[in-house]
Amino acid sequence: MPFKKDFLWGGAVAANQCEGAWNVDGKGISCADICTGGTHTRPKRITPVLEEGTFYPSHEAIDFYHHYKEDIALFAEMGFKVFRFSVNWTRIFPTGEEKEPNEKGLEFYDRVIDECRKYQIEPLITLSHYEVPFALTQKYNGWASRELIDLFIRYCEVLFRRYKEKVKYWLTFNEINSATGKFGGFLSQGILNEGTKDFMHQVDIPQLRFQGLHHQFVASAKAVKLAHEIDPEYRVGCMQLFATMYPLTCNPKDVLACQEFNQVKNWFCGDIQVRGRYPGYILRYFKEQGMKIEMQEGDAETLREGCVDFYTISYYMSGCISAEPGKKAAEGNLIGGVENPYLKSSDWGWQIDPEGLRYTLNEIYDRYQIPVMVVENGLGAFDKKEEDGSIQDDYRIDYLRRHIEEMREAVEDGVDLMGYTPWGCIDLVSASTGEMAKRYGFIYVEKYDDGTGDLSRRKKKSFDWYKKVIESNGEIL
Ligand code: BGP
């Protein structure tokens, strides 16, 4: 079964991981801008007071802010039908609370959107991709406070009205469910608790994260309703980090432990954004965890009325869940699980599982019966330049090929799959480690973790491979 003829082939980036120009043209400081560089073993630090002489990866990133024309032309050369990027909230409202939006910030995104449309590339805009204005962290502790709902909606309204004729697809919160775990508190919600020093060792208060999630659910639902009022053609999706987990053994205890993990980590946020209400299993979880979520009059109705039009995921790896403590932990995209003896891992220890993507897409579509899109998938790897300067990233081609094959199987299984935007279609800064060395792109960027590099771009072997994939609508892999 081939992919449908209007299948949205493309690629994905995030503002804070590629734009740079962190304080240019009126942009304010986002939470990403106070994170230092790091590595797989040395966590990136969170420094509310920026340090002289310290390297902050988001400050220049790969300078997409000044290279966007060249980069989008390269995406067009590969034949992109869609380009997923985020608008950095702090370019539009530097502190999040200005009465009027920052016109220069809007003008940058005018240019990016016009450049995409010049090549008939559909923009797919993420409204919040780990870019909470740091001023809102300082004043409200981020999404822990309900004030962020109205501030976020004001930001959304500016964009929905500005891009009415030019944009069709929107995503509210990137990996909204990352905040079901301790890494998502700061990364996704801008919650920074006293005593937090670095990304891997945050002072974590689950009550604040799950209250923050409620505020984000209400904000997401309000954004969906507002978008549909402003332009009935708008399609708004949710975005989940899908960390697929299998029971480590057929022991019913492992199966139940795995079910609970999947419910809380993988299904909970999507259930609310697609079905419009809190599921019973999470109410039991809150009770068992001693959490009480404050809800206001009208919230339940807002959630019911603000269900999303489509469901999107990031999918990189899978893991296992064991009811027994002390099993060897695996690594993964913010959520790890236990090692699966049948799978190999990436250079960063993420377990590679293409068949897991077919399994996951089936589970999702069976549950929600709305269009699904894979908006992140890819292999972070150490790319090395050959003598002739080429990058022979056959390992990345192999990873992507196997995942596309399994997406094709999922389509054959009846899944309504909208599109595919591999993550980091151009090398950019890693979210979890803050490093450039973890490269994902079809395009190599001369930028290194010591801050050096002339930012020049060059095609990897996977560039021409992906171009053929798109030309053949997924037939030639
Ligand atoms: C997801 C984020 C992306 C991207 C990706 C790869 O969590 O949505 O922003 O960063 O993971 O992860 P990393 O950059 O940590 O390798």
Side-chain angles (χ1 to χ4, degrees), residues 11-19 30-33 35-44 57-58 61-62 64 83-89 124-132 171-189 198-200 216 237-244 265-266 269 312-319 330-336 345-352 373-383 396 399-400 403 421-441 445 447 449:
V13 299
N16 78 87
Q17 294 171 259
C18 70
E19 288 179 0
S30 82
C31 285
D33 296 326
C35 291
T36 70
T39 67
H40 187 194
T41 50
R42 177 172 49 81
K44 60 185 190 179
S58 73
I62 60 165
F64 178 77
F83 174 44
R84 179 191 176 218
F85 61 93
S86 66
V87 170
N88 197 317
W89 189 348
L124 166 59
I125 296 181
T126 311
L127 291 155
S128 180
H129 194 134
Y130 298 160
E131 293 140 2
V132 176
L171 300 175
T172 52
F173 294 97
N174 178 69
E175 298 191 328
I176 188 170
N177 59 320
S178 60
T180 60
K182 61 185 177 186
F183 298 124
F186 176 69
L187 188 66
S188 174
Q189 300 183 327
D198 68 49
F199 184 69
M200 298 307 278
Q216 289 180 311
C238 63
M239 199 285 199
Q240 312 296 328
L241 177 170
F242 219 97
T244 302
K265 301 288 180 186
N266 287 322
C269 296
T312 75
I313 59 169
S314 61
Y315 177 91
Y316 292 94
M317 34 54 77
S318 68
E331 300 195 50
N333 182 23
L334 304 175
I335 298 174
S345 295
S346 74
D347 296 340
W348 269 260
W350 294 16
Q351 295 185 116
I352 298 168
M373 189 167 174
V374 179
V375 295
E376 288 184 28
N377 173 246
L379 180 68
F382 291 111
D383 290 343
R396 179 166 296 110
Y399 176 100
L400 294 170
H403 284 80
T421 54
W423 173 255
C425 47
I426 183 169
D427 289 349
L428 41 60
V429 177
S430 158
S432 54
T433 63
E435 56 191 333
M436 276 302 300
K438 187 177 187 186
R439 296 176 182 275
Y440 282 91
V445 177
K447 177 67 183 289
D449 289 316

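Start at 1 and go down the list; that is how both ligands and their atoms are numbered.
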Show, in sequence, the C-alpha distance, side-chain angles and deciding distance for M436 and I62, and conclude whether the side chain to side chain contact (heavy atoms under 4.5 Å, CB included) test is met.
CA-CA 9 Å; M436 276 302 300; I62 60 165; 3.9 Å; yes
Look at [atom] and say which protein heavy atom is nearest, naming residue and atom and giving the distance to 0.1 Å.
| atom | value |
| --- | --- |
| atom 7 (O) of ligand 1 | E175 OE1, 2.6 Å |
| atom 5 (C) of ligand 1 | Y316 OH, 3.2 Å |
| atom 4 (C) of ligand 1 | W423 CE2, 3.3 Å |
| atom 11 (O) of ligand 1 | N333 OD1, 3.4 Å |
| atom 15 (O) of ligand 1 | S432 OG, 2.4 Å |
| atom 14 (O) of ligand 1 | A431 N, 2.7 Å |

Short N or O distance, [X] and ligand 1, threshold 3.5 Å exclusive:
| X | answer |
| --- | --- |
| W350 | no |
| T433 | no |
| V429 | no |

Should the ring pair Y316 and W350 be called parallel, tilted or perpendicular, given that the plane angle runs from 0 to 90° and is split at 30 and 60?
perpendicular
When the aromatic ring centroids of F199 and F183 are compared, is their separation below 6.0 Å?
yes
Side-chain heavy atoms of I352 within contact of L379, under 4.5 Å
yes
Is the shortest heavy-atom distance from the side chain of Q189 to the side chain of V132 under 4.5 Å?
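With C-beta onward as the side chain, the pair stays apart.
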Tell me if a side-chain donor or acceptor on E19 pairs with a main-chain N or O of F64 at a distance below 3.5 Å.
no
Give a yes or no on whether the backbone of L241 and the side-chain of N177 come within a donor-acceptor separation of less than 3.5 Å.
yes
Classify the contact between W348 and ligand 1 as side chain, backbone, both or neither, using a heavy-atom distance cut-off of under 4.0 Å.
neither
Which of the numbered atoms in ligand 1 are below 4.0 angstrom from a heavy atom of [X]?
| X | value |
| --- | --- |
| Y440 | 6 (C), 12 (O), 13 (P), 16 (O) |
| S430 | 13 (P), 14 (O), 15 (O), 16 (O) |
| Q17 | 3 (C), 4 (C), 9 (O), 10 (O), 14 (O) |
| E376 | 1 (C), 2 (C), 3 (C), 4 (C), 5 (C), 8 (O), 11 (O) |

Please determine, by modelled atom types, if Y130 and Q17 share a side-chain donor-acceptor pair under 3.5 angstrom.
no
Say whether W348 and E435, considering side chains only, have a donor N or O and an acceptor N or O under 3.5 Å apart.
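Their side chains do contain a donor-acceptor pair, which is all the 3.5 Å distance test asks for.
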So is L241 in contact with ligand 1, going by heavy-atom distances below 4.0 Å?
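Not so, L241 does not reach ligand 1.
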Which distance, rounded to the nearest 0.5 Å, do you find between the SG of C269 and the CE of M239?
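Output value for this atom pair is 12.5 Å.
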